[in-house]
Amino acid sequence: MQTCYIETPLGHAKIVGNENGITSVSIVDNHVELSDTIPESLLECVIQLKEYFNESRRTFDLKLNPEGTTFQKKVWNQLETIPFGKTISYLQLSKQLGDIKAIRAVANANGKNPLWILIPCHRVIGSDGSLTGYAGGLYRKQWLLNHESDYKQQSLF
């Protein structure tokens, strides 16, 4: 496995993968040295993440290779169908997966998503529209949803 660290508007991101695909992208809250060189197997991921953050990319076209259970992978595959700029609730996600009673298991699998942003778990919200649970912190979830919104909040100052 190869690893690199890059700067994003939300902090440093750690990217792990190899020629078989990207296995994880995560935000790192502690101080890390940014990578001087990017391994070839991670370069396209770095490029596409930078394009996402500079608003020139809405979808990712990368070979992904996350580790997880069959159920988790089923949930993560469903997350990839949520369009850019849209949100769904955990309940809607459970219904799409065919089992409304699996809402807690679906939420748990969502929380274990190892591919930050690439598999858009930030697009899943509470049924009442509230921001609920996000491994990177709710302020990052809010930032990502604002970033993907057609209606940008303008700062007065």
Side-chain angles (χ1 to χ4, degrees), residues 1-90 92-94 96-99 102-126 131-148:
M1 284 294 156
Q2 297 176 308
T3 302
C4 72
Y5 295 89
I6 64 167
E7 182 70 37
T8 76
L10 294 172
H12 296 164
K14 176 182 180 181
I15 303 170
V16 180
N18 59 25
E19 63 280 348
N20 295 322
I22 305 299
T23 58
S24 73
V25 176
S26 58
I27 198 76
V28 181
D29 283 323
N30 54 333
H31 178 74
V32 295
E33 291 294 321
L34 297 177
S35 299
D36 291 330
T37 59
I38 306 297
E40 182 68 29
S41 64
L42 306 180
L43 186 57
E44 188 59 28
C45 182
V46 170
I47 291 168
Q48 290 190 29
L49 281 170
K50 287 184 178 188
E51 290 171 346
Y52 169 85
F53 283 115
N54 74 24
E55 298 183 358
S56 63
R57 175 170 292 277
R58 291 178 164 226
T59 60
F60 295 97
D61 182 24
L62 297 165
K63 186 175 181 182
L64 304 179
N65 190 21
E67 293 181 12
T69 66
T70 301
F71 179 77
Q72 288 170 333
K73 289 178 181 181
K74 181 179 176 185
V75 172
W76 301 336
N77 286 336
Q78 192 64 36
L79 291 173
E80 290 184 276
T81 68
I82 306 169
F84 182 94
K86 303 294 182 192
T87 59
I88 67 169
S89 70
Y90 290 99
Q92 288 171 306
L93 184 57
S94 296
Q96 288 177 359
L97 290 163
D99 188 355
I103 189 167
R104 288 198 173 163
V106 167
N108 188 39
N110 192 59
K112 293 198 180 333
N113 170 20
L115 290 161
W116 180 63
I117 299 176
L118 303 181
I119 295 178
C121 59
H122 60 278
R123 296 179 188 154
V124 183
I125 59 174
L131 298 185
T132 58
Y134 192 66
L138 290 180
Y139 73 97
R140 286 187 178 116
K141 184 173 188 167
Q142 184 65 65
W143 191 97
L144 291 167
L145 293 175
N146 288 345
H147 176 71
E148 294 183 3

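Just so you know, these numbers use all the heavy atoms, side chains as well, and skip hydrogens, waters and symmetry mates.
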Donor-acceptor pair, distance only, cut-off 3.5 Å: does the side chain of [X] make one with the backbone of [Y]?
| X | Y | result |
| --- | --- | --- |
| Asn108 | Arg104 | no |
| Lys141 | Thr132 | yes |
| Arg123 | Ile82 | yes |
| Trp76 | Ala109 | yes |
| Ser24 | Pro114 | no |
| Ser89 | Gln92 | yes |
| Thr23 | Asn65 | no |

Angle between ring planes, Tyr134 versus His122, binned at 30° and 60°: parallel, tilted or perpendicular? perpendicular
Aromatic ring pairing Phe60/Tyr52, orientation class (parallel under 30°, perpendicular over 60°, tilted between): tilted
Closest heavy-atom pair and its distance - [X], [Y]:
| X | Y | result |
| --- | --- | --- |
| Leu34 | Ile6 | CD2-C, 3.6 Å |
| Met1 | Asn18 | CE-ND2, 3.3 Å |
| Val75 | Val106 | CG1-O, 4.0 Å |

Rounded to the nearest 0.5 Å, how far does CG of Leu115 lie from CD1 of Ile22? 8.0 Å
Listed partners of Glu44 passing salt bridge (Lys or Arg N to Asp or Glu O under 4.0 Å), at least two apart: none
Taking salt bridge (Lys or Arg N to Asp or Glu O under 4.0 Å) as the definition, give me every residue that meets it alongside Asp29, ordered by chain and number, with sequence neighbours left out. Arg140
The side chain to side chain donor-acceptor pair (under 3.5 Å) partners of Glu80 (sequence neighbours excluded) come to none
